[in-house]
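Numbering of residues begins at 1 and proceeds along the displayed sequence.
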Amino acid sequence: MRWALCALLVATALGACAREPLTVTVDPATRHQTMRGWEVTVDMTDDANPRGFPPFTQALLARAVDEVGIDRVRLEVRSGAENTDRNWTRFNAGAITQEAWRPLRYATVNDNDDPSVIAWSGFDFAELDANIEAVVLPLRARLAARGERLFVNLCYVAFTVQVQGGAYHHDDPEEYAEFVLATYLHMRDKYGFTPDAWEVLLEPDNHTRQWSPRLMGEAIVAAARRLRENGFTPAFIAPSVTDMANTAPWIDEIARVDGAMADIAEFSYHRYRNGSRAHAARIAARGARHNKPTAMLEWWFGLATPAVLYEDLTVANASAWQGQTIRMLFNVDQRDAAAPALTIADDTRLNRLYFQAARIGAKRIEAHATDRNAVKPIAFLNPDGGAALVMAVDGARDVALAGLPPGVYAAAYELTDGGGGALDPVTIDAAGRGVVRTPGRGVFSLRSRGAR
């Protein structure tokens with residue numbers, strides 16, 4: 001009798017636990033980082049065949065904005081744009097091969113011996129212009145039609161380890177500053193706008209022999225001075241290291257250069273080596289110490305999963321994030337050359353619910369689940385007053401919601417194994433409560449009316 005009673009009590013307790021709903025609580029009063037954009041790198045041409053842009057370019061750009069939620073681009077300018085030989089123009093015209101162009105594209109030829117005087121005949125911005133006209137301008141127009149704007153991150157690339165038989169002189173801070181100013185002046189005068197930020201150097205710990213944290217700090221100071229002298233507002237992104245473990249040490253060294261921190265707009269990092277929660281926390285600590293946003297600005301090839309995105313947003317406090325190039329957002333089937341098929345890549349399909357939920361200027365707010373292994377929630381307040389909640393979930397389950405602003409929320413989901421779409425709208429009552437059922441393992445989102 002005693003054993004039967006014990007068994008009954010245990011069974012009753014287990015049943016109560018099983019029926020207890022998992023709860024996600026949102027706290028709009030506890031606010032974290034302000035979002036600065038979902039970034040992709042402009043890569044619509046490639047090294048092997050740059051001549052012209054593929055026939056699906058405009059369709060891909062439209063879908064990148066409307067279906068994925070991209071609102072920020074990394075537009076690259078190579079150090080070899082300071083060169084009198086017009087190497088990219090010759091390559092683009094088919095006069096030299098890709099093999100011949102590769103060791104030339106980062107080599108520089110100084111425009112003159114005076115970094116305070118720009119000799120325009122010594123610069124060739126043809127490659128930059130081609131990408132602006134074919135990709136950046138259409139993206140700007142597409143977002144403007146939605147009442148939004150494109151954040152343009154202009155990234156300086158100098159993979160000098162590839163240079164063979166050429167020179168490189170941008171390791172002189174004043175010459176580097178001249179190059180930055182020349183690029184800003186060119187964009188302003190030709191297109192009527194300038195970058196929102198300048199990424200100081202792509203992956204300095206991997207592709208260059210000349211650069212150090214100290215040189216980066218000195219280059220920032222010199223370039224900021226030249227930009228201000230010419231009426232521009234400096235905003236730099238650094239250090240953009242390949243190895244996540246190098247981010248905090250590079251920031252510490254840059255900070256030792258007088259004046260270098262003043263004009264840094266973001267602390268950036270990539271995840272190709274030593275990606276971890278511990279390093280994410282160190283990056284967040286450096287951001288807090290210097291009052292700078294953080295940004296994860298490259299991890300491609302399908303590696304940037306929702307789990308990585310969650311860690312970057314909630315541990316590193318990343319305000320901007322790049323998981324793909326613009327072309328790799330989609331799988332492209334060109335067997336029918338007249339009508340190439342674009343299907344959204346799996347990582348893009350899952351991550352886009354986060355992209356659509358939080359627009360530039362959105363504030364991440366506190367959200368937590370009673371079972372963090374089952375549900376990983378992230379919540380936002382958007383500039384238009386709408387709210388959003390995105391949850392990575394381990395399967396189909398009922399979730400009780402608490403703390404969301406009252407209203408009617410559009411619901412959507414993407415399953416890890418494929419499939420997704422819209423669900424019936426969800427009503428959050430005046431007390432901030434509601435209940436949803438997630439369809440399966442994947443990502444589930446709620447967005448109040450007015451949030452894109």
Side-chain angles (χ1 to χ4, degrees), residues 19-31 35 38 62-71 142-143 145-148 306 309-310 313 344 346 348-371 374-452:
R19 289 194 300 271
E20 183 179 346
L22 187 152
T23 300
V24 168
T25 302
V26 175
D27 177 11
T30 301
R31 303 192 177 190
M35 301 309 297
W38 304 108
R63 292 184 63 182
V65 171
D66 297 337
E67 295 180 29
V68 179
I70 295 304
D71 53 12
R142 193 83 184 183
L143 280 158
R146 295 168 56 91
E148 297 184 280
L309 175 54
Y310 180 82
L313 291 177
I344 194 165
D346 274 347
T348 306
R349 182 176 59 81
L350 293 164
N351 288 334
R352 66 175 171 171
L353 293 186
Y354 297 88
F355 302 167
Q356 295 165 357
R359 310 308 294 162
I360 289 176
K363 282 277 190 185
R364 183 171 75 85
I365 56 178
E366 185 65 24
H368 59 270
T370 51
D371 184 347
V375 177
K376 291 180 171 56
I378 297 183
F380 303 94
L381 293 177
N382 274 292
D384 67 357
L389 172 67
V390 188
M391 301 182 291
V393 296
D394 66 351
R397 59 171 61 252
D398 292 322
V399 180
L401 305 175
L404 277 171
V408 177
Y409 286 70
Y413 72 101
E414 295 288 348
L415 298 180
T416 302
D417 295 331
L423 296 168
D424 290 339
V426 172
T427 298
I428 302 299
D429 66 21
R433 298 187 178 277
V435 177
V436 297
R437 180 162 184 82
T438 63
R441 183 169 176 262
V443 180
F444 178 90
S445 75
L446 295 174
R447 293 182 289 149
S448 64
R449 305 290 185 181
R452 291 185 181 274

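- At distances below 3.5 Å, at least one donor-acceptor pair connects side-chain atoms of R359 with backbone N or O atoms of F355.
- In terms of modelled atom types and a separation under 3.5 Å, the side chain of D27 and the main chain of I365 share no donor-acceptor contact.
- Under the 4.5 Å side-chain criterion, counting only non-hydrogen atoms from C-beta, Y413 is not in contact with T438.
- Residues V390 and V443 meet the side-chain proximity criterion, which asks for heavy atoms closer than 4.5 Å.
- Between D398 and R437 a salt bridge is recorded (basic side-chain N to carboxylate O distance below 4.0 Å).
- The minimum heavy-atom distance between E414 and G420, with the atom names listed, is OE1-CA, 3.8 Å.
- Applying the salt bridge (charged side-chain N to carboxylate O under 4.0 Å, His left out) criterion to R364, with sequence neighbours excluded, gives no partner residue.
- The shortest side-chain heavy-atom distance between V399 and R397 falls under the 4.5 Å cut-off.
- Looking at N351 and P306, their side chains come closer than 4.5 Å, going by heavy atoms from C-beta outward.
- Atoms OG1 and CG, on T427 and L404 in that order, are 12.0 Å from each other to the nearest 0.5 Å.
- You'll find the side chain of D371 stays beyond 4.5 Å of the side chain of D394, heavy atoms only.
- The environment of R63 atom CZ is dense: over 12 non-hydrogen atoms of other residues, nucleotides or ligands sit within 6.0 angstrom.
- Residues L389 and Y409 are not in side-chain contact: their nearest non-hydrogen atoms beyond the backbone lie 4.5 Å or more apart.
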Is there a side chain to side chain contact (heavy atoms under 4.5 Å, CB included) between E148 and I360 once you walk through the steps? CA-CA 9 Å; E148 297 184 280; I360 289 176; over 6 Å; no

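- For the pair T23 (side chain) and T370 (backbone), a donor-acceptor distance under 3.5 Å is absent.
- Of all heavy-atom pairs spanning P425 and V408, the tightest one is CB-CG1, 3.8 Å.
- Between H368 atom NE2 and I378 atom CD1 the span is 14.5 Å, to the nearest 0.5 Å.
- Contact record, L401 with L446: CD1-CD1, 3.5 Å, taken as the closest heavy-atom pair.
- Using a distance-only test at 3.5 Å, with no hydrogens or angles considered, a donor-acceptor pair links the side chain of R349 to the main chain of L415.
- No side-chain heavy atom of R447 sits less than 4.5 Å from a side-chain heavy atom of N382.
- Considering every non-hydrogen atom in both D429 and A431, the closest pair reads OD1-N, 2.9 Å.
- Side-chain contact between L309 and W38: present, with at least one pair of heavy atoms (C-beta onward) separated by less than 4.5 Å.
- Nearest heavy atom pair, residue A392 against residue Y354, reads CB-OH, 3.7 Å.
- The heavy-atom pair separating L22 from A369 by the smallest distance is CD2-CB, 4.3 Å.
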